[in-house]
> 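Below: one structure in C-alpha cells.
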Amino acid sequence: LHGHTRMLGYDITIEVEGSYDQPEITLASVPALEQTDLLTLLLTGRPPREDQLGRTGLRAGRAIALYVAKDVLAALLDSESAEAGESLLDRLTLEFGRDVTRSGGETIEARFRIADHWLTSRDTVYLTAEQDAYDHFGGGLRLVFRFR
C-alpha cells in the first residue's frame, strides 16, 4: 500500500509492505522529519516538538479546549425534541492545521451548514470563515454541488 498526505507543511509518504500480520511500514517526509516525530505528527495531527515561535503548547491546549467546549455546548444546546434530529454543533465544522501560515501558525477553516437542497436535490450551503496560508482572513457563503 502506498499513501500520500500533506500535514502542517510536510508532504508525507507512507508505504506498507509485507504480510498483514507482520507489516513493514516506511514513513518519509519533505522536509525531512525523524521517524518518531513523523509518526507523532501522523497519529496526533500535531507537531511533536515546539515550533520556532513556541506555540505547540498553545495549539494542544486549544485543541483540548475546543473538544471540551463542543462537548459542553452540545450538552447545553442539544434538544431531544429537535425535529431535524441534529444540533447546531452537528452543523459546525472546524479544521485547524491543514497547512502552515507564512507566520508559522496553523490555517483555520470554519464551516456552518445553513441549508441542504437549496437549488437542487444535491447541494449544500455553508457560511465560511478562514485564516489561509498567507495569513489572510476571509469569510463568505459557499454553495457546494454534488454530482453523481
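What you see is a predicted model, and the numbers here were worked out from it, not measured in a lab.
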> For Gln35 versus Leu27, what's the shortest heavy-atom pair and its separation?
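Heavy atoms only, the tightest pair is NE2-O, 2.7 Å.
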> Do you know which two heavy atoms are closest between Arg146 and Asp123, and how far apart they sit?
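It is NH1-C, 4.3 Å.
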> Can you get from Leu127 to Phe145 by hopping between Ile, Leu, Val, Met, Phe, Trp and Tyr side chains that sit under 4.5 Å apart?
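Linked within one cluster.
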> Quick check: do His2 and Thr13 have side-chain heavy atoms less than 4.5 Å from each other?
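They are not in side-chain contact.
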> Distance check, rounded to the nearest 0.5 Å: Thr124 atom OG1 versus Tyr126 atom OH?
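Thr124 atom OG1 to Tyr126 atom OH measures 4.5 Å (nearest 0.5 Å).
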> Are Asp132 and Thr107 linked by a side-chain donor-acceptor pair shorter than 3.5 Å?
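Judged by distance alone, the side chains do not pair up.
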> So which atom in Leu38 and which in Ser29 form the shortest heavy-atom distance, rounded to 0.1 Å?
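Closest approach of Leu38 to Ser29: CD1-CB, 3.8 Å.
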> Indicate the atoms forming the closest heavy-atom contact of Pro23 with Val16, along with that distance.
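Smallest heavy-atom distance, with atoms named: CB-CG1, 3.9 Å.
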> So if you build clusters from Ile, Leu, Val, Met, Phe, Trp, Tyr with side-chain heavy-atom gaps below 4.5 Å, do Ile114 and Val144 land together?
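Not linked; separate clusters.
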> Honestly curious: do Phe147 and Val125 fall in one hydrophobic cluster under the side-chain, below-4.5 Å linking rule?
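Same cluster.
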> Tell me if the OH atom of Tyr134 is crowded by more than 12 foreign heavy atoms within 6.0 Å.
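No, not enclosed.
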> Yes or no on salt bridge (Lys or Arg N to Asp or Glu O under 4.0 Å) for Arg98 and Glu130, after CA distance, side-chain angles and deciding distance?
CA-CA 11 Å; Arg98 181 174 282 180; Glu130 71 174 356; over 6 Å; no
> Just wondering, do Leu42 and Ile14 contact through their side chains at under 4.5 Å, heavy atoms?
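They are in side-chain contact.
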> According to a hydrophobic-cluster definition based on side-chain heavy atoms being under 4.5 Å apart (Ile, Leu, Val, Met, Phe, Trp, Tyr only), do Val30 and Leu41 belong together?
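No, Val30 does not connect to Leu41 through the hydrophobic network.
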> Could you tell me which non-hydrogen atom of Arg111 sits nearest to which non-hydrogen atom of Glu95, and how far apart they are?
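Answer, listing the atom of Arg111 first, then Glu95: NH2-OE2, 3.0 Å.
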> Quick one: pull up CD in Glu109 and CD in Gln131 and give me the separation to the nearest 0.5 Å.
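Result: 12.0 Å between the selected atoms.
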> Do you know which two heavy atoms are closest between Pro31 and Tyr10, and how far apart they sit?
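Minimum heavy-atom contact is O-CD2, 3.3 Å.
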> Taking the side chain as everything from C-beta on, heavy atoms only, tell me whether Thr128 gets closer than 4.5 Å to Leu141.
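A side-chain contact is absent here, since even the closest heavy-atom pair is not under 4.5 Å.
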> Show your working on side chain to side chain contact (heavy atoms under 4.5 Å, CB included) between Leu33 and Ile12 and close with a plain yes or no.
CA-CA 10 Å; Leu33 277 176; Ile12 301 170; over 6 Å; no
